[in-house]
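All values below come from the heavy atoms of this structure, side chains included, with hydrogens, waters and symmetry mates left out. It should be emphasised that the depicted structure is a prediction, and the values quoted were computed from it without experimental measurement. Counting starts at 1 for both ligands and their atoms, following the listed order.
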Amino acid sequence: MNLSKDMEGYLPRAALEVVWRISKGASQCGERVYLVGGVARDLLLGRPNFDLDLVIEGDAIALAQQIAELFSVRTSVYSKFGTAKLNFGSFTIDLAMARNESYTKPGALPDVSPGTLEEDLFRRDFSINAMAISLVPDSYGELVDPCHGLKDLRRRVIRILHHESFCDDATRIWRAIRYEQRLNFKLERETSRSLKENVAMLNTISNDRIRHELNLILREEYPERTLCRLSELHALPEINLSLEERAWLARKFQEARFQYKAGSLAQLYLCLLIYPLTQEGLTRVLHRFNMHGRRAQILRETLNLKANIFLLEGQMLKRSEIYHLLKNYPQVVLQAGAIASDVEAIRSRLNLFLSELRLVAICSTGDDLVRLGIPPGLEMGEILEQLLDAKLDGKVKTLVEEEELATELKTTRAGTLRARHRKSRI
Ligand code: CTP
């Protein structure tokens with residue numbers, strides 16, 4: 001099957017130009033280069049994919065450097081793995097030498113040695129990811145499909161290439177389900193059996209690798225489908241979701257998509273995913289996915305908000321009170337809280353804060369207060385805060401009104417201080 005015409009319709013013009021240059025550059029050095037993996041699969045499915053993976057039977061880094069120079073783009077080189085990445089802005093190209101892999105023990109990274117294209121395809125996860133398109137000039141566009149990926153694509157199945165696949169690399173358990181759910185395919189019978197048999201092998205995967213896979217799931221269009229299916233298969237032991245929780249998650253993820261843009265969803269999804277957990281459950285998750293720093297803090301804050309969210313149900317809450325209850329939470333945590341809660345008063349107050357209150361600012365500056373005779377320091381800080389509260393509650397609107405209130409507050413404070421002073425002398 002020749003796909004050169006399909007490539008023309010599928011790849012952006014600029015990408016085609018680069019691919020053609022790479023093909024030419026490689027053949028001048030007597031090397032053979034191929035488009036592989038996801039891009040071949042997606043081209044055949046007609047799904048957009050702008051992360052082009054290329055495999056070369058030869059020196060990938062030298063070729064990448066030559067192309068980077070020609071197109072004046074940045075290249076990241078990973079000498080240890082013999083790979084390089086070229087970033088063209090609207091698309092990227094990953095170049096790797098064709099390799100052979102062997103696994104010394106389950107879950108470990110494989111031992112890698114140079115190999116042929118066929119060896120490179122046979123080491124891959126699933127047949128639909130083990131196809132290549134030749135960029136060699138005299139076979140340009142020919143599909144290379146030794147694992148019968150095209151047949152599986154047509155049958156709409158995910159199939160591993162050998163029995164040890166999930167045991168060698170248990171991240172493939174998550175990957176299999178991710179593709180199954182993304183493409184609405186089925187697991188081939190043997191693959192399904194092997195997957196279920198090897199679920200415990202997920203324990204052989206390091207925390208960093210499993211976190212990487214979780215991030216990939218969270219970037220899917222409908223991550224809840226993969227997460228729920230993994231949970232059903234007991235392949236997501238850290239976040240064990242009951243049937244009810246799965247339905248809840250599906251509803252809440254849907255709502256998140258409805259309200260926020262695709263680019264900002266991954267973190268929000270994660271907050272919603274851990275929302276049903278206890279503090280101990282979250283501690284286990286943070287450990288398993290080796291999450292630290294700001295990301296871990298956001299998840300902790302999510303459970304803190306959950307624990308205190310009932311405070312937002314108060315009947316007579318002033319806008320300034322809502323502001324103070326919520327001002328220290330990261331925005332994404334509040335978004336998660338608003339989506340997660342089913343109590344209308346809570347949701348509307350969280351949304352009020354997000355859309356309005358957090359943006360309220362007073363007109364006065366410290367300098368304005370100094371002009372009114374309020375010196376910098378504790379007193380000024382308190383007066384500024386009172387001005388903000390007044391603004392939030394609609395008691396002042398303009399700079400003049402703020403200055404009037406600041407003067408009034410200053411006078412009252414001075415009076416109170418004088419009274420206190422007199423009392424202490426008596
Ligand atoms: N691969 C593999 N085993 C893994 C990870 C990746 O065999 N554990 C191979 C697959 O052939 C895959 C390719 O490496 O197609 C590139 O991996 P990745 O970029 O993760 O996948 P894509 O196929 O590009 O898919 P996606 O659309 O999810 O990015």
- Under a 4.0 Å heavy-atom limit, does Asp53 contact ligand 1 with its side chain, its backbone, both, or neither? side chain
- If you count the atoms of ligand 1 from 1 in the order shown, which ones are under 4.0 Å from a heavy atom of Asp169? 4 (C), 8 (N)
- Do Arg182 and Glu221 meet the salt-bridge criterion of a basic N to acidic O distance under 4.0 Å? no
- Do side-chain atoms of Arg295 reach the backbone of Met291 as a donor and acceptor pair under 3.5 angstrom? no
- Message: Can you give me the closest heavy-atom contact between Tyr269 and Arg257, atom names plus distance?
- Response: OH-CG, 3.0 Å
- Task: Check Thr171 against ligand 1 and report side chain, backbone, both or neither, counting heavy atoms closer than 4.0 Å.
- Result: side chain
- Test item: Gln66 and Arg21 side chains (from C-beta on) under 4.5 Å apart, heavy atoms: no
- Item | Under-4.0 Å heavy-atom contact between protein and atom 23 (O) of ligand 1 | yes
- Is it the side chain, the backbone, both or neither of Arg182 that has a heavy atom closer than 4.0 Å to ligand 1? side chain
- Of the side chain and backbone of Asn129, name the one, both, or neither that has a heavy atom under 4.0 Å from an atom of ligand 1. both
- For atom 10 (C) of ligand 1, what's the nearest protein heavy atom and its distance? Asp125 OD1, 3.3 Å
- Item | Face-on cation placement of Lys306 at Tyr275 ring, 6.0 Å and 45° thresholds | yes
- Should Arg159 and Glu188 count as an ion pair when the cut-off is N to O under 4.0 Å? no
- Note on the structure: Restricting to heavy atoms, the pick from Arg47, Arg172, Arg124 nearest atom 3 (N) of ligand 1 would be Arg172
- Salt bridge present between Glu238 and Arg288 (N-O < 4.0 angstrom): yes
- Message: Do the side chains of Arg175 and Asp125 get close enough for a salt bridge, i.e. N-O under 4.0 angstrom?
- Response: yes
- Query: Judging by distance only, is a nitrogen or oxygen of Arg178 under 3.5 angstrom from one on ligand 1?
  - Reply: yes
- Task: Give the contacting part of Tyr179 toward ligand 1: side chain, backbone, both or neither, where contact means a heavy-atom distance below 4.0 Å.
- Result: side chain
- Item | For Arg175, the ligand 1 atoms whose distance to one of its heavy atoms is below 4.0 Å | 1 (N), 4 (C), 5 (C), 6 (C), 8 (N), 12 (C), 17 (O), 18 (P), 20 (O), 21 (O)
